[in-house]
Amino acid sequence: MNELPRRATPLVREFLEGFRAVVVNGPRQAGKSTVLGQVQVNRGPLITLDDPTQLDLARTDPIGFLAQIPPHAAIDEFQRGGAALLLGVKKTLDECNDRGQLLLAGSTRFLTTRRLAETLTGRVGIVDLLPLSAGEIRGSHEGFLDAVFNELTVGDLACEALGRADYAEQIAVGGFPELALGAASDRFRSVWCRSYLDTVTAPANVEQVGDMRRPDLPGGLVHQVAARSSGEIVVADLARELRADETTIRTHLELLQTLYLIRSLPAWTTSLTNRAKRRAVGHLLDTALACHLLGETATSLAEPTSRWFGPLLESFVVGELAKQATWCEAPTALGQYRDRDQREVDVIVERHGRVVAIEIKATATPLTSHARHIKYLQSKLGERFALGIILHTGTQQLWLGERIAALPVAALWADGLA
């Protein structure tokens with residue numbers, strides 16, 4: 001793992017040349033400590049607030065803690081120091097304009113909340129580090145999201161020839177290094193995922209980022225989102241199922257996003273599509289966790305009758321796109337489209353006002369009918385519509401119409417796309 005190249009590492013180094021401090025955010029066990037270790041070679045020390053002595057000093061005397069650490073230090077699990085340490089960092093950065101003074105890492109979105117935005121605006125660069133992408137695992141240099149906004153060649157992409165069983169295995173393995181970089185058994189994956197979920201949803205961890213009104217709710221809510229993978233998040237349904245009021249459900253959904261357990265894909269709309277719904281679609285951040293909660297394995301997902309293969313394939317693709325969005329050439333936003341006339345497009349990718357619409361199909365045979373909802377958006381958007389894509393589990397690469405292509409899911413990590 002220490003030698004595995006991560007796409008975030010050069011981005012962190014680049015930001016340290018321009019910002020006074022850099023924040024690396026991501027879920028637990030995604031590899032943040034490894035990236036910090038790679039960046040800090042010949043640069044400065046790596047301090048972790050998992051160390052009780054360091055944590056006590058950071059909480060009780062944050063100014064003194066920051067004053068005694070060497071220049072260019074990295075602080076892991078920074079969120080554990082709380083608001084006092086955050087204010088201490090602000091003071092430190094206000095007093096010196098030097099670039100790359102601190103490298104901070106945290107396993108919650110605590111460091112990208114409004115508090116950080118208001119406190120450290122213009123002083124910090126933020127890098128998201130999500131679990132390993134399929135390309136990082138394989139050693140390929142993914143550029144799919146950049147390619148679809150440039151000139152994408154269809155027909156001769158160097159894609160792996162994968163089938164349903166291969167994709168089922170990837171879904172079950174997910175992207176956490178402990179599961180993805182080795183031949184983990186189904187039993188090991190299940191035990192690891194259970195331990196991970198128990199740790200992240202434990203009251204001591206949740207209370208670092210928000211007010212947990214019901215200790216039992218985070219675990220139950222994660223399970224409910226998994227059971228609705230790739231479906232709309234309907235707060236009223238969740239409230240009824242978990243016997244909680246809607247305000248409490250909304251609060252805890254935000255907590256689960258802050259803890260990097262769920263991904264809420266926002267609704268995308270424009271004045272040209274005014275019948276669009278406003279609800280988000282829910283996915284677990286990593287499909288290995290979803291498989292564990294749903295009792296699925298690679299073998300069961302690969303069965304032709306599996307009810308979960310389609311929804312979890314969609315979650316897997318959304319996760320891969322979200323990972324690539326963290327290192328894209330330009331700011332890239334992800335959303336999804338659903339309207340009151342039952343039209344749905346799984347992923348809307350937007351950059352500089354241009355739109356790429358992506359449908360994810362659990363079939364090896366892409367059809368022109370699969371693109372009918374994409375064609376609707378194309379008719380509405382005109383020149384704003386850059387490309388429509390049907391991602392499928394077969395091997396065909398072909399055009400289904402003007403600016404609408406069918407590609408294997410494996411095109412997401414085809415090497416050399418840029």
Side-chain angles (χ1 to χ4, degrees), residues 1-2 4-51 54-55 58 62-63 65-133 136 208-209 258 260 322-332:
M1 178 64 186
N2 289 335
L4 183 70
R6 297 299 304 267
R7 293 294 296 272
T9 303
L11 193 58
V12 172
R13 291 181 175 131
E14 177 186 337
F15 282 11
L16 284 169
E17 294 295 321
F19 290 98
R20 301 182 201 180
V22 173
V23 170
V24 179
N25 273 336
R28 289 177 179 269
Q29 301 298 315
K32 295 186 302 300
S33 298
T34 298
V35 169
L36 263 62
Q38 292 172 345
V39 172
Q40 288 299 102
V41 172
N42 300 323
R43 183 178 180 274
L46 172 56
I47 299 162
T48 177
L49 294 191
D50 279 336
D51 182 322
Q54 299 283 7
L55 177 61
I63 301 299
F65 168 76
L66 292 167
Q68 57 88 32
I69 63 176
H72 309 300
I75 305 174
D76 201 2
E77 296 300 331
F78 174 80
Q79 82 284 347
R80 300 192 68 188
L85 183 56
L86 181 64
L87 291 173
V89 167
K90 178 182 182 298
K91 182 176 184 297
T92 298
L93 299 182
D94 284 345
E95 292 174 349
C96 179
N97 293 330
D98 290 352
R99 304 308 185 217
Q101 296 176 49
L102 290 170
L103 176 56
L104 311 173
S107 53
T108 74
R109 294 187 191 275
F110 168 81
L111 298 177
T112 55
T113 59
R114 181 186 299 177
R115 176 163 27 182
L116 177 67
E118 293 175 348
T119 303
L120 298 177
T121 298
R123 304 172 182 84
V124 301
I126 297 173
V127 177
D128 283 323
L129 184 76
L130 298 174
L132 292 165
S133 70
E136 286 176 317
Q208 291 180 27
V209 297
T258 301
Y260 286 99
K323 292 165 189 175
Q324 291 193 30
T326 66
W327 65 67
C328 276
E329 294 175 353
T332 303

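We count residues from 1, following the sequence as given.
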Taking all heavy atoms of [X] and all of [Y], pick out the closest pair and write down the distance.
{"X": "T332", "Y": "A325", "result": "O-CB, 4.1 Å"}
{"X": "R20", "Y": "D94", "result": "NH1-CA, 4.0 Å"}
{"X": "I63", "Y": "G88", "result": "CD1-CA, 3.8 Å"}

[atom1]/[X] to [atom2]/[Y] distance, rounded to the nearest 0.5 angstrom?
{"X": "T92", "Y": "L66", "atom1": "OG1", "atom2": "CG", "value": "4.5 Å"}
{"X": "Q324", "Y": "R7", "atom1": "CD", "atom2": "CZ", "value": "7.5 Å"}
{"X": "I69", "Y": "I75", "atom1": "CD1", "atom2": "CD1", "value": "4.0 Å"}
{"X": "I126", "Y": "D128", "atom1": "CD1", "atom2": "CG", "value": "8.0 Å"}
{"X": "L129", "Y": "K323", "atom1": "CG", "atom2": "NZ", "value": "10.5 Å"}
{"X": "T9", "Y": "W327", "atom1": "OG1", "atom2": "CH2", "value": "11.0 Å"}

Validation row: R99, L16 side chains within 4.5 angstrom (heavy atoms): no

Test item: F78 and V23 side chains (from C-beta on) under 4.5 Å apart, heavy atoms: no

Side-chain donor/acceptor of Q38 to backbone N/O of P5, under 3.5 Å: no

Residues forming a ring-ring contact (aromatic ring centres under 6.0 Å, His included) with F65, sequence neighbours excluded: none

Pairing residues for E95 by the salt bridge (charged side-chain N to carboxylate O under 4.0 Å, His left out) criterion, not counting sequence neighbours: K91

Presence of salt bridge, E136 and R6, under 4.0 angstrom: yes

Enclosure of E17 CD (heavy-atom neighbours >12, cutoff 6.0 Å): no

Donor on one side chain, acceptor on other, Q79 and E77, under 3.5 Å: yes

Salt bridge (Lys or Arg N to Asp or Glu O under 4.0 Å): pairs with one or both residues in residues 31-50, sequence neighbours excluded: D50-R80

